[in-house]
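Encoded as structure tokens, the structure appears first; notes follow it.
Ligands are counted one by one from 1 in listed order, and the atoms in each one are counted from 1 as well. Computation of the quantities below employed the complete heavy-atom set of this structure, encompassing side-chain atoms and omitting hydrogens, waters and symmetry-equivalent molecules.
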Amino acid sequence: MSLDGNLDASYTALPEAFYTKMSPKPVSKPQMVKWNEELAERLGIEREGVLEFLAGNSFPEGAQPIAQAYAGHQFGNFTMLGDGRAILLGEWQNRSGQKVDIQLKGAGRTPYSRGGDGRAALGPMLREYIISEAMHGLGIPTTRSLAVVSTGEPVYRETTLPGAVLTRIASSHIRVGTFEYAGRFCSETDLMDLADYSINRHYPELAGQPDKYVRFFHAVVERQAKLLAKWVSVGFIHGVMNTDNMTISGETIDYGPCAFLDAYKPMTVFSSIDIQGRYAYANQPPIAAWNLARFAEAMLPLFNEVPAEAVKQAEDILREFPQVYRKSWLDIMYSKIGITDAKEGDEKLVEDLLGLMEQAAADYTNTFRALTMDDTAALEQMEGFESWKERWDDRIGVKGTDAARDLMRQYNPNIIPRNHLVEEALDAAGNGDYTLFNHLCDLVSNPFHYEPVDSKYTEDPPEPEEPFQTFCGT
Ligand code: AMP
Ligand code: MG
């Protein structure tokens with residue numbers, strides 16, 4: 001189906017404080033450099049005629065494009081933000097009746113741009129494309145990427161770079177920061193409208209419930225705890241977990257300086273701007289809880305008329321976060337070592353393996369991959385591995401082995417978008433050659449295929465000359 005005449009704008013029914021009506025700013029020479037056929041098909045969006053829309057050169061008939069307002073805590077400090085370079089074209093109903101946002105990232109300046117140019121560079125948009133698609137392939141809730149359009153115009157960062165617009169698909173773009181914005185700058189009725197809208201869109205089962213706002217908060221806390229367990233289980237580091245980069249839907253959003261762990265070092269930080277290591281790999285679950293506390297603060301007036309009661313309700317729910325997180329994480333970790341029927345001692349088996357991996361700075365993905373493939377020769381250099389393996393063999397037993405390995409193949413990726421592979425593919429794409437990028441996209445979109453591939457995609461990364469860094473320079 002064409003986008004013409006088929007986009008909703010339900011967000012514009014919210015009070016005007018939540019958005020600004022805005023058209024994307026046209027670009028001179030749009031070219032579709034990546035199109036996600038699988039996603040397009042799933043959504044039922046046809047490619048023909050879509051380029052001018054996705055470049056921002058025109059918008060679909062009947063669309064009411066907007067920039068959304070939001071605030072957020074960035075590295076712990078509250079600030080006003082908003083879509084400074086993104087335009088929500090509208091909402092699209094997919095084939096199963098679900099509504100998704102179609103957003104153009106890099107579509108020009110808006111009233112929320114502050115000093116920014118409203119644009120995005122090609123490299124970071126291709127990066128978001130590939131990492132978000134890899135996350136989806138890994139079974140992790142995430143916004144997705146429908147297309148990358150190069151603009152033919154330069155953007156000026158530390159150097160001059162080619163510009164691009166990413167088409168992002170999200171079940172919505174409502175963030176913790178959207179509620180913080182409502183809590184600080186809007187009336188209580190506006191806040192309630194936003195909460196009702198979010199409930200109807202993401203948690204419709206709560207709509208008729210008497211204490212729906214508390215339940216809504218509870219549901220978001222649960223979804224986020226489960227999301228974080230998934231991130232940690234695949235070695236994902238988001239890199240910039242500010243409250244504006246955390247959704248109410250429970251999808252991963254805003255792929256800036258994110259990256260996957262190679263060596264298992266829990267305090268790994270890749271982002272060049274994260275000087276203090278606030279968003280280090282192992283800090284992510286407590287940071288998510290911190291962000292959710294900011295969400296609770298914004299929502300307090302809706303929880304209870306008596307402030308002390310509202311605070312108590314919020315605290316009781318927040319206190320569950322570590323338990324929900326831990327349980328989800330352990331369930332995944334058990335599956336990663338082939339255990340379905342967890343019992344006493346299994347937690348220690350997981351912890352002990354991670355302890356050995358940390359001591360040896362073993363590759364996170366490849367340790368589990370080697371266990372899955374029963375090809376553990378390389379792991380034997382890890383001190384203490386042999387005795388751990390004896391315990392593990394005893395635990396899953398010879399009879400359980402086939403079933404265990406089937407399970408492990410569903411939880412331990414054969415392939416992840418490793419930093420050096422992504423950089424290599426982006427460099428080539430920057431020079432106009434998309435072969436590597438397309439190939440890597442295909443591979444990481446199906447991470448659990450245990451088919452033989454060129455070993456460069458699965459082997460441990462080369463020892464870097466300098467520690468790998470990711471940049472927000474987006
Ligand atoms: P992010 O780091 O992508 O989460 O962005 C944080 C805030 O900065 C958001 O309000 C963005 O809209 C805004 N922003 C990022 N890059 C730009 C840019 N090039 N122009 C205008 N606003 C931007
Ligand atoms: Mg953001």
> What's the verdict on side-chain contact (heavy atoms from CB on, under 4.5 Å) for L146 and W35, showing C-alpha distance, side-chain angles and the deciding distance?
Replying inline: CA-CA 6 Å; L146 178 65; W35 171 253; 3.9 Å; yes

> Has ligand 1 got any nitrogen or oxygen that is less than 3.5 angstrom from a nitrogen or oxygen of Q74?
Replying inline: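 No, there is no polar N/O contact under 3.5 Å.
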
> Are any of the N or O atoms of Y112 closer than 3.5 Å to those of ligand 1?
Replying inline: no

>> Can you tell me if Q410 has over 12 outside heavy atoms packed within less than 6.0 Å of its CD?
In response: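 Enclosed.
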
>> Under the side chain to side chain donor-acceptor pair (under 3.5 Å) definition, can you give me all pairs with a residue in residues 66-77, not counting sequence neighbours?
In response: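 Every side chain to side chain donor-acceptor pair (under 3.5 Å) pair that includes a residue of residues 66-77, provided the two are not neighbours, is H73-E180.
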
Give the numbers and elements of all ligand 1 atoms closer than 4.0 Å to a heavy atom of [X].
X: D83; value: 12 (O)
X: D254; value: 4 (O)
X: Y70; value: 9 (C), 10 (O)
X: D244; value: 4 (O)
X: G116; value: 20 (N), 21 (C)
X: R119; value: 19 (N)
X: G82; value: 9 (C), 10 (O), 11 (C), 12 (O)

> Which part of N245 is near ligand 1, with near meaning a heavy atom under 4.0 Å away: side chain, backbone, both or neither?
Replying inline: side chain

Charged N-O contact under 4.0 Å between [X] and [Y]:
X: D117; Y: K25; answer: no
X: R168; Y: D101; answer: no
X: E41; Y: R47; answer: no
X: R294; Y: E297; answer: yes

> Applying ring pair (Phe, Tyr, Trp, His ring centres under 6.0 Å), which residue pairs with at least one partner in residues 217-248 are found, sequence neighbours left out?
Replying inline: F217-F295, F217-F303, W231-F236, W231-H238, F236-F260

May I ask you to check whether [Y] and [X] place their ring centres under 6.0 Å from each other?
X: F216; Y: F179; value: yes
X: F75; Y: Y279; value: yes
X: Y11; Y: H173; value: no

Within less than 4.0 angstrom of ligand 1, does [X] place any heavy atom?
X: G256; result: no
X: R109; result: no
X: D117; result: yes

> Evaluating non-hydrogen atoms only, which member of A69, G72, G118 is closest to atom 18 (C) of ligand 1?
Replying inline: G118

> Considering R85, R157, K105, R114, which one's heavy-atom position lies nearest to atom 23 (C) of ligand 1?
Replying inline: R85

> In chain order, what residues pass the ring pair (Phe, Tyr, Trp, His ring centres under 6.0 Å) check against H420, with sequence neighbours excluded?
Replying inline: none

>> Taking the six-membered ring of Y203 as reference, does the cationic atom of R215 (NZ for Lys, CZ for Arg) lie under 6.0 Å from its centre and within 45° of its axis?
In response: no

> What protein N, O or S atoms come within a distance below 2.8 Å of the Mg ion (ligand 2), ordered by chain and number?
Replying inline: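 Within the sphere that stays under 2.8 Å of the Mg ion (ligand 2), the protein atoms of type N, O or S are N245 OD1, D254 OD2.
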
